[in-house]
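Below, all heavy atoms of this structure are taken into account, side chains as well, without hydrogens, waters or symmetry copies.
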Amino acid sequence: MDGQCSERPHSHTPTGRMSSAVSQNSRISLPVSTSTKDSSCMKAPQDSACRDRWSHPSTILLHKSQSNQAALMPQEHGMFMVEAYSAALATCLKILQDMNSADLFHLKYIIKKIKNMARGSPKLVMETIHDYFIDNPEISSRHKFRLFQTLEMVIRASDVLEETWEKTFMQLALENMTKATELEDIYQDAASNVLVAICRHSWRAVAQHLETELLTGVFPHRSLLYVMGVLSSSEELFSQEDKACWEEQLIQMAIKSVPFLSMDVWSKELLCTLTTPSWTQQEQSPEKAFLFTYYGLTLQAEKNSATVRRHLQALLETSHQWPKQREGMALTLGLAATRHLDDVWAVLDHFGRSRPIRWSLHSSSPKNSEDLHWKWASSTILLAYGQMAAKARAHILPWVDNIVSRMVFYFHYSSWDETLKQSFLTATLMLMGAVSRSEGAHSYEFSQTSELLKCLMVLMEKEPQDTLYTRSRQQTMHIASSLCKLRPPIDLERKSQLLSTCFRSVFALPLLDALEKHTCLFLEPSNIQVWPMAREWAGWMHQGWGSGAVLHCSEHLQSLYSRTMEALDLMLQSLIMQNPTTDELHFLLSHLYIWLASEKAHERQRAVHSCVILLKFLNHKGNLDPKENFKRIGQLVGILGMLCQDPDRAIQHCSLEGASHLYQLLMCHKAGEALKAESQAPTELSQAHSDGAPLWSSRDQKVTPLGPQEMVKNRIFQFGNSQIIKEIMQQLTLAELNDLIWTAIDSLGSTSPFRVQAASEMLLTAVQEHGAKLKIVSGMAQAICLRLCSVHIPQAKEKTLHAITLLARSHTRELVTTFLDISIPLDSHTFQLWRALGAEQPTSHLVLTMLLAWLQERPLPTGASDSSPCPKEKTYLRSLAAMNMLHELQFAPEFKQAVQEAYPKLFLALLTQMHYVLELNLPWEPQPKQQAPEVAAPSPQSCSTSLEALKSLLSTTGHWRDFAHLELQGSWELFTTIHTYPKGVGLLARAMVQNHCRQITAVLRQLLPSLQSPEERERKVAILILTEFLYSPALLEVLPKQAALTVLTQGLRDPSPEVRVLSLQGLSNIVFHPDKGGLLRGQLRPFLDGFFQSSEQVIVCIMDTVSDMLHRLGAQGAGSQSLSVAISARSFFNDERDRIRAAAMALFGDLVAAMADRELSGLRTQMHQSMVPLLLHLKDQCPAVTTQAKFTFYRCAVLLRWRLRHTLFCTLAWERGLSARHFLWTCLMTRSQEEFSIHLSQALSYLHSHSCHIKTWAALFIGHTICCHPQAVFQMLNAGDINLLLCTFEHLKSDPEPSIREFATSQLSFLQKVSARPKQ
């Protein structure tokens, strides 16, 4: 349709056209649908292009003949199309008229409408605009400006531009682009943009005209430079081939412009144009951008060095205040350096030494506008060095170190700000790019790379940690990646600093939500594109106008963050590529571990992402030497395994992928061949950028990470997290397994609950699967002990202890030794480890056996005077620790059965240990006139520990009766000195015999080998026990009489005098000499008569002798004389002499013990009559009497078969309160009526005692009895007894003890009431 309309003939007279158009309704639109119009006008240019090319330049005529039109359609339809075309032309004309008066809002609507028309019929619009310019030469500049913008849009929208229109509109643009109007540059730029639009169709004609104007010798107009600047910077106007042609034409223009450098007017005007401020200094105007390039190319073509230097020096002496000005200067110097490298270097060196530059280096704050011109001159120099490197290309290698040294100098000594930082980074990037493109760079030795790396680390450290609004981080890491490829390689210390700095700068950034908030608050205005107010009314037609021109802060930050992470990953990949060894991999990963263990989820997430990317890269490259063993790869397995249980699901999935890549890497390395990435690797959680750089989507980037179901069904993903680690463990060597276990142990001390839980599970899994093949576990056990105190999660602690239990199956000896070293002093956590060690019965028995073995390692420590380290000192400490543990483990439920079964060994070992400890306390015998030197004695608790261990062994294994014998006698003190030790052992063995201990036979079997021990102390303990066990009937079950004689006879030849004496005493036992019984019994009567001697010492000695005789008679006993002994002993219970009372009670107790298995007959009455005296003498003032009263009372109660004997023992041994008294009194008074009357009458008799304590004790006893049995008591009391009680309780009302006073008052009141009643 447009093709037909375009052939409409029209008058050549403007007035005719106007009148024809105006006669139509000015508001009429095209009478065809939009779709029809669009489809038809898309074909119009192609149909009529060739035919229209020969039309008159000032008119648009359609050259189809009338006959052809008649052949195509009826005449009526043709007339209709003519009228429609006229209407469209009138509408377009009306729109062009309305542009002049429309406001901005209405103008946008008008432009949108004409834009739609131009898409359908560009020729119609171009014809109308052209005619409008011709018909209205006096229209305003503002109106022309808008028409130019419309024309530019239409030309750009046209697919083909006829040559006539090309020439016509080019002439129109050239006439107006240099015209001065009130709109200034805006008007000129609009006309120039028409010329630029024409270049889209025919750039060579425009370029030829531009070259002609440029080479006239007169400095070109700004608009000309503007067009050339747009052409040079535009990427869409030229094809790749045309772009190369245009650049070559520019170079030729520059070569032809060389003579102008010698023209002062031209040169001054050039500098003036370059230094004239733009309307915004944040953007470089096209004309200035081109001029800097053109200037540099011209200087490049100049052959005279002096001319080049003069121009460059003049350029550098202009203002350096604005960033685009500095960039332009640097570009000019860089282009000139392509052929004049020495000259540019000399100019920069001279400029750097000038006074303004020296001033700017030492001044941080400018004082006036002149100072601002030079403040950032060092930034220009940095950029110039970068451009020098970029443009010099192949010639730059010898200059690199010099350039770097200058850049480092300006970095350190210039005033630090964002401008300097960005200039330094930009220049360094250009330098590294130039080096990387240079052949031979990898074989070239650079001496300044370490200094440059220092600057990069300083720059990285200065980056704000809570914002991310520049590319500085990624640029720095890109530079570092390039530096890694140069020689010499970066040393390990510097590389470590680089990694730590980069990781801290990137990983420690806040979460993206917080980062976005901070960054948007501090974002520089230059980072957001907004239209200046000065151009707001004119910017409606520019390409890209609208809301899309403003860069959204969130999107900008997302992109910036992703690119920063990419740069970090690429740096790691560069490092491993430069040194593809397992050592280098370990070095890189070791710097990641601290971040993988971070308490912050987003830091862990970023670190594990980088780790996974690196592993994936290695998997795909497969360039690690398979002959090299991985170094501490088990540590990575452990960390990834724990992160698989991270509460953050993104970290879980990423760690799972990392475990997969690691598994494949191990398999590939093990097989010695690369794994095919496409067929074997799982689908990555990260995507790949078009340039091959990895991209990452993580939780703090507001993108949901891919789940395992989106991964390829690799075999390893069919298992759970724990099973994955098990699979990887199968591929690890023993050393790598050790690393994994150590990683888990170290993580037990973490403050993160999930990490502790995961570490305990991993430790348990590793020990379950591979614990038996571990070689050295002592260090692991010690580390577990140190970290167990910080494990507060019950499940984690339980699993850790269970791992110890499993480890003990194969490493019991090593664990016992290790735990002994950390058990002095013993704390609750170490004790838990010991309990875990014995959680399984076979192991608990083995642990006790080993502790006993260590206990027997009893070296004497060196004296304090010996300063040399003693090799046996550790053994000595372990021996003492074993003693301590044997004591503590008796209370552990896990060791209960083992302790019970090991009782004989423990019994003898503890007795021997006590002797050993006492030996250590013996001082060295001093030399004459010399003081005895100090010896290394055990700790203050060492002696008591072995004694307490013996006590607990007796009490926890059911041998409390043996314990009671020594406790009630106070005989434990005998074990505290070397001189009384034998008596203590004898009393303990005697108690076992008297109590018919079930372990006598087992102990006998255990001690017989000890009689042959090389250690004197062991033989001594064995013979002491054996001589007492001779009185036990159980002896003959183990050792027949003849065998016992043989053993004792051999003891007579023992090197120890003590053993010989004890053996001799054993040989005199009544078991071997039954006739001695009659002789001893015959001596009893004379001894009993001796009780009535006047000498206290003689009486005590006789009583002790009778006690010894009763013991030696053994099973034969005293026979019928037992009653006489009992009566004689009882008669001295109330003797005024303390020693005699104590000896009498001891004798009575020994008699009771001797009668244990015999008919008591009359002795039973004697025991009943002795109970109250013994009870009341518990309050005796003499401690010896009190002790013997307790023991004898207990012996009588056992022989009389009282109930609750264990409670009775505990009460007698330790209870002191009123409840203890009541218990004893109740046991005594609830036996029988006969005993009741005996006890009450005895208590009444003690009210006459001279001992205040016993008298009080008797009164309280009677008072308690009255409370419990009032009726029975008052039936036995007469008036005198009641009066005596009244007097006694009246006296007790003034007792110093409140409880006694209260009890006496209540009893007195009760007795007074009872005595006042009339007797019935």
Side-chain angles (χ1 to χ4, degrees), residues 296 300 330-331 333-346 348-349 381-411 423-457 459-460 471 474-495 497-499 502 566-581 584 587-588 617 621 623 691-693:
Q300 182 185 120
L331 176 61
L333 270 77
L335 290 170
T338 304
R339 291 183 59 187
H340 302 281
L341 189 57
D342 291 332
D343 297 323
V344 174
W345 176 266
L348 285 174
D349 182 66
I381 297 175
L382 286 171
L383 292 173
Y385 283 129
Q387 290 287 0
M388 278 177 60
K391 306 305 180 186
R393 298 179 184 176
H395 306 289
I396 196 58
L397 287 181
W399 292 84
V400 169
D401 284 331
N402 289 334
I403 292 176
V404 171
S405 65
R406 296 300 175 90
M407 292 171 64
V408 169
F409 170 80
Y410 286 109
F411 177 86
S423 299
F424 176 79
L425 287 173
T426 303
T428 310
L429 281 170
M430 288 190 286
L431 175 64
M432 290 297 102
V435 172
S436 64
R437 291 189 297 269
S438 300
E439 295 183 3
H442 295 289
S443 60
Y444 201 89
E445 290 282 342
F446 299 96
S447 62
Q448 295 293 317
T449 53
S450 61
E451 296 300 320
L452 183 56
L453 200 59
K454 283 183 184 179
C455 297
L456 294 176
M457 287 188 285
L459 189 150
M460 205 70 162
R471 298 174 58 244
Q474 55 180 294
Q475 289 174 333
T476 302
M477 290 183 286
H478 282 311
I479 295 169
S481 300
S482 300
L483 286 175
C484 296
K485 303 174 184 178
L486 304 182
R487 295 182 59 190
I490 304 173
D491 61 87
L492 287 181
E493 182 180 359
R494 194 62 50 81
K495 193 187 300 183
Q497 294 174 358
L498 173 66
L499 290 171
C502 292
E566 285 178 37
L568 179 61
D569 295 332
L570 289 173
M571 185 184 75
L572 294 177
Q573 293 168 18
S574 297
L575 288 170
I576 195 66
M577 284 297 291
Q578 294 308 307
N579 185 20
T581 63
E584 182 72 7
F587 180 80
L588 299 180
F617 174 78
K621 292 294 182 180
N623 56 351
D691 60 358

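- In this structure the side chain of S438 reaches within 4.5 angstrom of the side chain of I396, judged on heavy atoms.
- Within the model, atoms CE of M430 and CG of L425 stand 11.0 Å from one another, a figure rounded to the nearest 0.5 Å.
- Panel note: side chain R494, backbone S450; a donor-acceptor pair is recorded below 3.5 Å.
- Here the closest heavy-atom approach between residue A434 and residue A389 is recorded as CB-O, 3.0 Å.
- L498 places none of its side-chain heavy atoms less than 4.5 Å from the side chain of L483.
- Annotation: the span from M577 atom CE to N579 atom CG amounts to 11.5 Å, rounded to 0.5 Å.
- Across all their heavy atoms, A480 and M571 have their closest contact at CB-SD, 3.8 Å.
- Contacts of D349 classified as side chain to side chain donor-acceptor pair (under 3.5 Å), with partners at least two apart in sequence or in another chain: R353, R406.
- With sequence neighbours left out, S436 forms a side-chain contact (heavy atoms from CB on, under 4.5 Å) with no residue at all.
- In this structure the side chain of L499 reaches within 4.5 angstrom of the side chain of L588, judged on heavy atoms.
- Residues A337 and M388 come closest through the heavy atom pair CB-CG, 3.9 Å.
- Residue pairs meeting the salt bridge (charged side-chain N to carboxylate O under 4.0 Å, His left out) criterion with at least one member in residues 476-492, sequence neighbours excluded: E445-R487.
- Under the rule for a ring pair (Phe, Tyr, Trp, His ring centres under 6.0 Å), F617 has no partner lying at least two apart in sequence or in another chain.
- Side-chain contact between Y385 and L431 is absent, with no heavy atoms from C-beta onward closer than 4.5 Å.
- Atom OG1 of residue T338 and atom CG of residue L333 lie 11.0 Å apart, to the nearest 0.5 angstrom.
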(request) Determine, step by step, whether L331 and K391 satisfy the side chain to side chain contact (heavy atoms under 4.5 Å, CB included) criterion, reporting the C-alpha distance in whole Å, the side-chain angles of both residues, the deciding distance to 0.1 Å, and the verdict. (result) CA-CA 9 Å; L331 176 61; K391 306 305 180 186; 3.9 Å; yes

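- In this structure, A567 and S481 approach most closely via the heavy-atom pair O-OG, 4.4 Å.
- Residues passing the ring pair (Phe, Tyr, Trp, His ring centres under 6.0 Å) test with W399, sequence neighbours excluded: W345.
- Taking CG from L452 and CE from M407, the interatomic distance works out to 6.5 Å, rounded to the nearest 0.5 Å.
- Applying the side-chain contact (heavy atoms from CB on, under 4.5 Å) criterion to M460, with sequence neighbours excluded, gives R473, T476, M477, T501, C502, S505, V506.
- Residues V400 and Q448 form no side-chain contact, since every pair of their non-hydrogen atoms from C-beta on lies 4.5 Å or further apart.
- The side chain to side chain donor-acceptor pair (under 3.5 Å) test applied to S423 returns S379, not counting sequence neighbours.
- For the atom pair CD (E439) and CG (L397), the distance works out to 10.0 Å, reported to the nearest 0.5 Å.
- Remark: C484 pairs with I490, L575, Q578 by the side-chain contact (heavy atoms from CB on, under 4.5 Å) rule, at least two apart or across chains.
- Partners of R339 under the salt bridge (charged side-chain N to carboxylate O under 4.0 Å, His left out) rule, at least two apart in sequence or in another chain, do not exist in this structure.
- Applying the side chain to side chain donor-acceptor pair (under 3.5 Å) criterion to Q475, with sequence neighbours excluded, gives Q422.
- With sequence neighbours excluded, no residue forms a ring pair (Phe, Tyr, Trp, His ring centres under 6.0 Å) with Y410.
- For S405, the side chain to side chain donor-acceptor pair (under 3.5 Å) test picks out no residue, with sequence neighbours left out.
- From D401, atom CG reaches atom OH of Y444 across 6.5 Å, with rounding to the nearest 0.5 Å.
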(request) Go through the steps to decide whether H478 and R471 satisfy the test side chain to side chain contact (heavy atoms under 4.5 Å, CB included), and finish with yes or no. (result) CA-CA 11 Å; H478 282 311; R471 298 174 58 244; 5.7 Å; no

